[in-house]
Amino acid sequence: PQYVVEAKIDGLSVSLEYENGVFVRGSTRGDGVVGENVTENLRTVRDIPKNIENAPEFLEVRGEAVIRLSVLEKYNQTAAEPLKNARNAVAGAIRNLDPKVTESRKPDIYFYDVNYTSDGAPMSQTTAHEFLKNEGFKVSIISQPQNDRDYMLFGAPRLAFLVNSGNIDSMVAHYTA
């Protein structure tokens, strides 16, 4: 098999759903079965494409919401209650009840997966990455596909290793030592 190495981003996992190329719904991972609807908050994230051109009838993409440390530091300089860390800051920004709070914290989202398409066509990790990038999604850092499994063992400690095929059963667990 061929392997792909991606940066492991630690933030809040979100899914965005598009119908006929239009962003219609956004959710968190929730309890792993039912996600929390955060559509209105995600609409305030300026880098999310609201419309995409080459979409199937239904498309779901996954990404990781983050707040950059420099943004957090600037926010904390004027905040009535400074936020303790970027991970909690982004979770609070995306999951809160007021979209203005989301917008004020300036989260970014890095997309890494095409979770589902109505046409059912499986995508390799590199194909999904290119699709996301071409449709205007911010994407995480990705290395060139590697055929050598040993290559993965010498990467930085915050990387996700994936088998580069469209078969979800062939995904390899994340390594975050």
Side-chain angles (χ1 to χ4, degrees), residues 3-18 21-30 32 35-55 59-75 83 85-96 99 101-117 123-146 152 155-164 166 168 171-177:
Y3 301 93
V4 173
V5 181
E6 293 184 357
K8 173 71 170 93
I9 299 171
D10 188 20
L12 178 72
S13 182
V14 294
S15 291
L16 277 62
E17 297 175 19
Y18 290 80
V22 178
F23 172 58
V24 294
R25 223 170 350 273
S27 60
T28 67
R29 186 172 54 191
E36 183 177 357
N37 185 334
V38 291
T39 305
E40 294 311 309
N41 291 350
L42 291 176
R43 288 189 195 285
T44 71
V45 178
R46 62 187 178 278
D47 293 332
I48 291 177
K50 306 308 187 255
N51 297 284
I52 56 177
E53 291 184 27
N54 298 307
L59 171 73
E60 180 184 356
V61 298
R62 291 192 57 89
E64 199 76 8
V66 297
I67 291 181
R68 294 176 180 275
L69 293 177
S70 59
V71 172
L72 177 64
E73 186 177 291
K74 188 173 181 179
Y75 176 87
L83 303 169
N85 61 60
R87 168 66 180 80
N88 290 350
V90 76
I94 300 294
R95 298 178 66 224
N96 79 83
V101 171
T102 304
E103 190 172 29
S104 75
R105 292 193 191 171
K106 300 180 177 144
D108 285 317
I109 302 177
Y110 290 89
F111 292 87
Y112 57 85
D113 190 27
V114 174
N115 204 38
Y116 177 81
T117 64
M123 289 188 192
S124 70
Q125 191 64 18
T126 50
T127 302
H129 185 268
E130 284 304 310
F131 172 81
L132 292 166
K133 187 175 173 182
N134 291 339
E135 291 301 326
F137 293 93
K138 249 186 200 180
V139 293
S140 63
I141 299 166
I142 187 170
S143 79
Q144 294 298 313
Q146 301 293 325
M152 298 186 326
R158 301 288 296 165
L159 299 174
F161 303 106
L162 305 169
V163 175
N164 192 27
I168 193 74
M171 291 183 95
V172 177
H174 293 279
Y175 169 77
T176 57

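The residues of the chain are indexed from 1 along the displayed sequence.
- At least one side-chain heavy atom of Leu59 sits under 4.5 Å from a side-chain heavy atom of Phe131.
- Summarising the geometry, atom NZ belonging to Lys74 is positioned 15.0 Å from atom CG belonging to Leu69; distances are rounded to the nearest 0.5 Å.
- In terms of heavy-atom proximity, Val45 sits nearest to Pro107 at CG1-O, 3.6 Å.
- Atom CZ of Arg62 sits about 7.5 Å away from atom CG of Asp113, to the nearest 0.5 Å.
- For the pair Ser27/Asn37, no side-chain contact is recorded, criterion being any heavy-atom separation below 4.5 Å from C-beta on.
- In this structure, CD1 on Ile52 lies 11.5 Å from CG on Asn134, to the nearest 0.5 angstrom.
- Remark: Glu40 engages Arg43 in a salt bridge (charged side-chain N to carboxylate O under 4.0 Å, His left out) (not counting sequence neighbours).
- At least one side-chain heavy atom of Leu83 sits less than 4.5 Å from a side-chain heavy atom of Arg105.
- Atom-to-atom distance recorded for Ser15:OG and Phe111:CZ is 9.5 Å, nearest 0.5 angstrom.
- Heavy atoms only, all atoms of each residue included: Ile94 and Ala65 are closest at CG1-CB, 4.1 Å.
- In this structure, Leu16 and Leu42 have side chains that are in contact, with non-hydrogen atoms separated by less than 4.5 Å.
- Listed by chain and number, the residues in a salt bridge (charged side-chain N to carboxylate O under 4.0 Å, His left out) with Lys138 are Asp47, Asp108 (sequence neighbours excluded).
- A donor-acceptor pair shorter than 3.5 Å cannot be found between the side chains of Arg25 and Thr39.
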Could you walk me through whether Thr102 and Asn96 pass the side chain to side chain contact (heavy atoms under 4.5 Å, CB included) check?
CA-CA 7 Å; Thr102 304; Asn96 79 83; 3.2 Å; yes
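- Minimum interatomic distance between Tyr18 and Phe23 (heavy atoms only, all atoms of both residues): CD2-N, 3.2 Å.
- Under the side-chain contact (heavy atoms from CB on, under 4.5 Å) criterion, Arg95 pairs with Leu12, Thr28, Glu36, not counting sequence neighbours.
- For the pair Glu103 (side chain) and Arg46 (backbone), a donor-acceptor distance under 3.5 Å is absent.
- Scanning both residues, Ile67 and Ala93, for their nearest heavy atoms gives CD1-CB, 4.3 Å.
- Few gaps surround NZ on Lys50; more than 12 heavy atoms of other groups in view lie less than 6.0 Å from it.
- Scanning both residues, Ala55 and Gly21, for their nearest heavy atoms gives CB-CA, 3.8 Å.
- Remark: the backbone N or O of Ile9 is not paired with any side-chain donor or acceptor of Tyr112 at under 3.5 angstrom.
- Under the 3.5 Å distance criterion, the side-chain polar atoms of Glu64 are left unmatched by any main-chain donor or acceptor of Asp10.
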